[in-house]
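Contents: one structure, followed by commentary.
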Amino acid sequence: MANDTRLEQNRLDHVTEVITGQIEKLEDETAKRRNEVVNIRRNFWDEVKVNTDTFDDYLETIISLRQQAQDLSVSQSTHRHASKKLSTLKRMKDSPYFGKISFLEKGEGLPDEIYIGIATLTDKTGENFLVYDWRAPVSSVYYDYGPGPAEYSTPGGTVKGSLEKKWQYIIRKGELLSMFDTSLTIGDEILQRVLGKSTDNQMHSIVATIQREQNEIIRHDRGRLLIVQGAAGSGKTSAAMQRIAYLLYKYRDKLNADQIILFSPNTMFNSYVSNVLPELGEENMQQVTFQEYLDHRLSKYFDLEGPYDQLEYVLTAVNESSYKTRLEGIHYKASTDFFEAIKDYRLTLETKGMLFKRIKFRGEPLLTPDQIRDRFYNQDTELKFINRLEKLTEWVNEKVDEAERRERTKPWVEEEIELLSNEEYHKAVSHLRKTSKSTEEEFVVDHEALGRLIVHQKFRGLRRRIENLEFINIKGIYRQLFVDGNLEKASETSENWSGVCRSTVNMLDDGKMHYEDAAPYLFLQELILGFQTNTAIKHIIIDEAQDYSPFQFEFLKRLFPYARMTVLGDFNQAVFAHASEKNDFNMLMDLYGPGQTDVINLTRSYRSTKPIIDFTSQLVRGTITPFEREGKKPMLKTQFDRSSLHSAIESAVADMRLQDYNTIAIICKSAEESENAFKDLKEKIDGLKLVKSDSLHYEQGVVVIPAYLAKGIEFDAVAIYDASAKSYSEESLRKLFYTACTRAMHELQLFSIGEPSPFLKDVPSDCLIRE
């Protein structure tokens with residue numbers, strides 16, 4: 001073994017020397033290219049001879065401009081490529097590779113030794129591979145097989161052979177610290193070391209510890225939709241981030257980071273995952289929350305409630321008289337029944353029910369809603385709905401043309417001419433001169449033409465609104481759903497349906513919108529006006545997908561018609577009121593049709609120690625397999641009052657800090673409870689921070705955070721602020737409680753004022769220490 005270690009260190013020294021040499025060469029090249037770019041930009045116009053005297057001179061000028069622009073583009077591209085390669089080499093220098101396989105290809109006499117790292121490295125000839133990129137086809141053998149028969153897919157076909165041996169390395173600063181001869185799994189010893197570390201404020205690359213089931217997610221390349229249902233801590237999000245890196249590597253000639261979009265649960269999560277792709281030498285994809293998209297589409301028209309505001313209401317307003325009515329509305333408006341009802345409603349609009357706005361100019365009506373409706377329902381009825389709207393728009397524009405001609409002779413036009421400033425007058429005259437057929441010498445200002453121009457400009461805003469179909473009363477059409485008996489099935493099955501309708505109408509009339517109405521409203525609007533699509537996006541990834549309704553999935557499918565979709569979720573963490581009662585993604589199986597959907601289930605959890613997973617597994621249905629990493633058992637501490645609770649939490653945090661934990665979370669049920677806890681604890685715990693729904697960055701240290709904002713993030717240690725029956729007794733809160741507890745990596749303590757939550761009643765004593 002000692003001899004093997006010495007030989008491996010010698011090879012590592014050689015690889016490090018190669019990397020150092022390439023770094024030095026690239027540093028010179030990037031400096032040279034940077035200077036080239038600066039000089040071309042600085043002297044751009046000096047190198048261009050601008051001459052437009054003759055057509056030939058003009059053509060020469062255009063060619064000169066294009067040549068300079070092309071030179072600049074080439075230099076910028078070369079500099080960018082060299083800088084990216086240099087950045088990757090600098091990351092590799094510390095740890096050039098993390099694994100090796102000895103693979104004997106069928107028909108060959110000797111096995112190839114394949115060293116695997118975060119990027120490809122060749123010697124100076126460019127022909128001999130010193131390190132293979134972890135995304136290369138042959139590297140899949142490392143993740144998917146133990147010693148024995150193995151194969152991997154290439155563009156030219158499947159390569160079969162035998163995996164003779166597999167090693168893992170721990171390398172730091174060019175020194176080989178450890179090497180392991182592994183068997184069927186990617187070495188538990190290395191995984192133990194990685195998982196045993198304290199976390200920080202960002203997620204990191206996991207390429208050295210990717211497990212076989214995660215590798216299946218990363219390299220999946222079939223159909224339109226991949227569904228990943230995984231237990232808390234199973235590596236769903238990490239695998240998804242590596243999946244993006246893999247896709248960018250495999251399709252580097254067809255796909256770039258701007259064509260991938262990640263829908264994340266909140267803006268803080270965006271910051272948390274922002275480091276993964278740069279670690280792998282790739283640019284970050286676009287990141288957005290679904291709420292940001294809704295705000296973009298609707299905030300101009302409504303005061304729009306956010307998802308966390310809705311959830312906060314569900315968690316804190318249980319004693320309000322309208323609570324059950326609101327809850328019923330949330331459930332129904334996220335259901336497939338409502339989805340189908342809206343599609344049916346749109347069909348009825350072909351024969352009745354379309355509402356329009358009055359078209360006015362300078363306060364005077366040009367067309368009434370009744371006139372527009374009568375035209376729509378009495379003309380062109382044989383055409384398709386969207387074509388009828390096009391014909392209607394043409395007719396409206398004709399009426400506006402007539403009105404514009406009438407307005408030209410009215411007194412206000414003369415007044416407008418007289419009120420023109422010198423600048424406005426000269427701009428108008430300049431425009432008329434350009435559009436006139438007269439020569440410069442012959443041109444004379446035509447007072448009547450000036451009037452026509454002013455009237456035309458005044459009508460411009462109205463015409464733009466007409467072209468955008470803003471004369472259709474979408475708000476009124478959606479409101480009509482809840483007043484005209486269009487939802488009879490809902491009224492038959494609901495005890496509080498009249499209350500749901502009344503609440504919806506009142507909100508709309510006040511210019512407000514509940515979160516549960518946003519996606520249905522947009523869906524109906526798109527069914528009427530036609531869908532706004534983004535054809536540039538090729539892949540979308542949806543994290544915390546259990547929190548999305550059927551409306552939202554259908555909407556995203558139509559919004560990105562050419563994109564493939566990867567959704568990640570855990571229905572045991574479905575904390576929103578609209579979440580499906582079933583613990584599955586069956587609602588998505590028909591989204592893209594037969595044969596277009598694959599499902600991968602992850603049941604093994606890596607985040608937490610075995611004692612924490614043994615405990616959290618007792619809280620929910622389903623099988624969760626712990627990774628064998630030992631640690632402290634979770635502890636429940638019952639307190640008498642809020643004062644003793646705060647003292648106990650203060651003491652627990654002090655002990656956790658002594659263990660050098662970088663991230664400690666005091667997790668509360670709601671934002672309201674978090675704010676109150678923060679007020680009482682900030683004087684007791686130094687550096688305590690409060691995390692809110694609008695927090696942009698997740699910081700290290702000790703934080704107070706609502707459970708629903710902690711989703712997708714992990715902490716070294718967690719204190720559940722109040723796990724009492726008073727806080728967590730309703731069955732609907734079980735998943736929120738589970739989510740909070742599964743955030744802990746190394747230590748979990750639960751505190752309760754008085755009687756603990758009934759969720760803890762049947763937890764065996766060997767899974768939870770009670771004080």
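Not measured: the values here are computed from a predicted model. Residues take their numbers from the sequence shown, with the count starting at 1.
Heavy atoms only, all atoms of each residue included: Phe98 and Ile118 are closest at CE2-N, 4.2 Å. Shortest non-hydrogen contact noted between Gln291 and Pro307 is OE1-CD, 3.2 Å. The heavy-atom pair separating Asp722 from Ser752 by the smallest distance is OD1-CA, 3.7 Å. When all heavy atoms are compared, the tightest approach of Ala710 to Ile667 is CB-CD1, 4.4 Å. The two residues Ala717 and Tyr661 have their closest heavy-atom pair at CB-CD1, 3.7 Å. Residue Ser674 comes nearest to Pro706 through the heavy atom pair OG-N, 3.3 Å, listed as atom of the first residue, atom of the second, then distance.
Atom CG of Leu768 and atom CG of Leu750 lie 6.5 Å apart (nearest 0.5 Å). Going from atom CG of Asp144 over to atom CD of Glu216 covers 8.5 Å, rounded to the nearest 0.5 Å. The distance from atom CE of Met565 to atom CG of Leu225, rounded to the nearest 0.5 Å, is 6.5 Å. Annotation: the span from Leu568 atom CG to Leu226 atom CG amounts to 8.0 Å, rounded to 0.5 Å. A distance of 7.5 Å separates CD1 in Ile330 from NE2 in His514, rounded to the nearest 0.5 Å. Distance check, rounded to the nearest 0.5 Å: CD1 of Ile666 to CD1 of Ile720 gives 10.5 Å.
Under a 3.5 Å cut-off, the side chain of Gln639 and the backbone N or O of Ile753 do not form any donor-acceptor pair. Proximity of a side-chain donor or acceptor of Ser234 to a complementary backbone N or O of Arg604 within less than 3.5 Å is not detected. In this structure, Gln310 contributes its side chain and Gly306 its backbone to no donor-acceptor pair below 3.5 Å. With hydrogens and angles ignored, the 3.5 Å screen pairs no side-chain donor or acceptor of Ser651 with any backbone N or O of Ser647. Of the possible donor and acceptor atoms, one in the side chain of Lys166 sits under 3.5 Å from a partner among the backbone N and O of Tyr142. Remark: the backbone N or O of Gly99 is not paired with any side-chain donor or acceptor of Gln168 at under 3.5 angstrom. Looking at Lys689, its side chain never comes within 3.5 Å of a backbone N or O of Val702 through a donor-acceptor pair. For the pair Ser617 (side chain) and Ile613 (backbone), a donor-acceptor distance under 3.5 Å is present. Checking side-chain atoms of Gln214 against main-chain N and O of Gln211 turns up a donor-acceptor pair under 3.5 Å. A donor-acceptor contact shorter than 3.5 Å is absent between the side chain of Lys637 and the backbone of Ala648.
Annotation: Asp641, atom CG; neighbour count of heavy atoms from other residues, nucleotides and ligands within 6.0 Å is above 12. Within 6.0 Å of the CD atom in Glu650, the count of heavy atoms belonging to other residues, nucleotides or ligands exceeds 12. The neighbour count for Glu730 CD, taken as heavy atoms of other residues, nucleotides or ligands under 6.0 Å away, does not exceed 12.
In this model, no donor atom of one side chain and acceptor atom of the other lie less than 3.5 Å apart for Gln659 and Asp655. A side-chain donor from one of Thr566 and Arg243 sits under 3.5 Å from a side-chain acceptor of the other. Inspection of the Gln546 and Glu544 side chains reveals an N or O donor paired with an N or O acceptor under 3.5 Å. Side-chain contact of Gln552 with Glu554: a donor-acceptor pair under 3.5 Å is absent, judged by distance alone. Judged by distance alone, the side chains of Asn662 and Asp716 never bring a donor and an acceptor atom under 3.5 Å apart. A donor atom on one side chain and an acceptor atom on the other are found under 3.5 Å apart for Glu312 and Tyr708. Asn676 and Glu673 share no side-chain donor-acceptor pair at under 3.5 Å. Side-chain contact annotation: Asp543 with Ser264, donor-acceptor N/O pair under 3.5 Å absent. Residues His746 and Thr609 have side chains that never bring a donor and an acceptor to within less than 3.5 angstrom of each other. Ser335 and Asp337 are not linked by any side-chain donor-acceptor pair at a separation below 3.5 angstrom, with hydrogens and angles left out of the test.
Under the 4.0 Å criterion applied to side-chain N and carboxylate O atoms, Arg642 and Asp680 are not assigned as salt-bridge partners. Using a 4.0 Å cut-off between a side-chain N of Lys or Arg and a carboxylate O of Asp or Glu, Glu714 and Arg743 do not qualify as a salt bridge. Lys711 and Asp547 are joined by a salt bridge, as a carboxylate oxygen and a charged side-chain nitrogen come within less than 4.0 angstrom of each other. With respect to Asp517 and Lys333, a salt bridge is recorded, a charged nitrogen being found less than 4.0 Å from a carboxylate O. Using a 4.0 Å cut-off between charged nitrogen and carboxylate oxygen, Glu516 and Arg326 count as a salt-bridge pair.
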Is there a salt bridge (charged side-chain N to carboxylate O under 4.0 Å, His left out) between Asp570 and Lys236 once you walk through the steps?
CA-CA 9 Å; Asp570 175 15; Lys236 299 183 296 295; 5.1 Å; no
Working for side-chain contact (heavy atoms from CB on, under 4.5 Å), residues Ile600 and Ile227
CA-CA 6 Å; Ile600 296 176; Ile227 299 171; over 6 Å; no
Thr742 and Leu619: CA distance, side-chain angles, deciding distance, side-chain contact (heavy atoms from CB on, under 4.5 Å) verdict:
CA-CA 10 Å; Thr742 55; Leu619 302 176; over 6 Å; no
Go through it in stages, so that I can follow the logic: the residues are Leu688 and Val703, the test is side-chain contact (heavy atoms from CB on, under 4.5 Å), and I'd like the CA-CA distance, side-chain angles, deciding distance and then a yes or no.
CA-CA 6 Å; Leu688 187 66; Val703 300; 5.9 Å; no
Assess the residue pair Ile541 and Ile244 against the criterion (side-chain contact (heavy atoms from CB on, under 4.5 Å)); give the C-alpha distance rounded to whole Å, side-chain angles, the decisive distance to 0.1 Å, and a yes or no.
CA-CA 9 Å; Ile541 294 177; Ile244 294 171; 3.2 Å; yes
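Looking at Ile540 and Ile260, their side chains never come closer than 4.5 Å, going by heavy atoms from C-beta outward. A 4.5 Å side-chain heavy-atom check between Leu760 and Leu636 finds at least one atom pair inside the cut-off. Between Asp686 and Arg657, some side-chain heavy-atom pair lies under the 4.5 Å cut-off. Proximity of Leu311 to Tyr313: side-chain heavy atoms (C-beta onward) are nowhere separated by under 4.5 Å. Within the 4.5 Å cutoff, side-chain heavy atoms of Val763 are placed close to those of Phe615. With contacts defined as side-chain heavy-atom distances shorter than 4.5 Å, the pair Val567/Tyr548 does not qualify. Between Phe263 and Thr289 the shortest side-chain heavy-atom distance does not fall below 4.5 Å. Contact annotation: the side chain of Arg219 approaches that of Tyr246 to within less than 4.5 Å [non-hydrogen atoms, C-beta and beyond].
Two rings, from Phe737 and Tyr728, have their centers less than 6.0 Å apart. Aromatic ring centres of Tyr721 and His646 lie closer together than 6.0 Å.
Figure legend: Lys557 and Tyr592 shown as a cation-pi pair, the cationic atom lying under 6.0 angstrom from the six-membered ring centre and within 45 degrees of its axis. Geometric assessment of Arg629 against the ring of Tyr606 yields a negative cation-pi assignment under the 6.0 Å and 45° thresholds.
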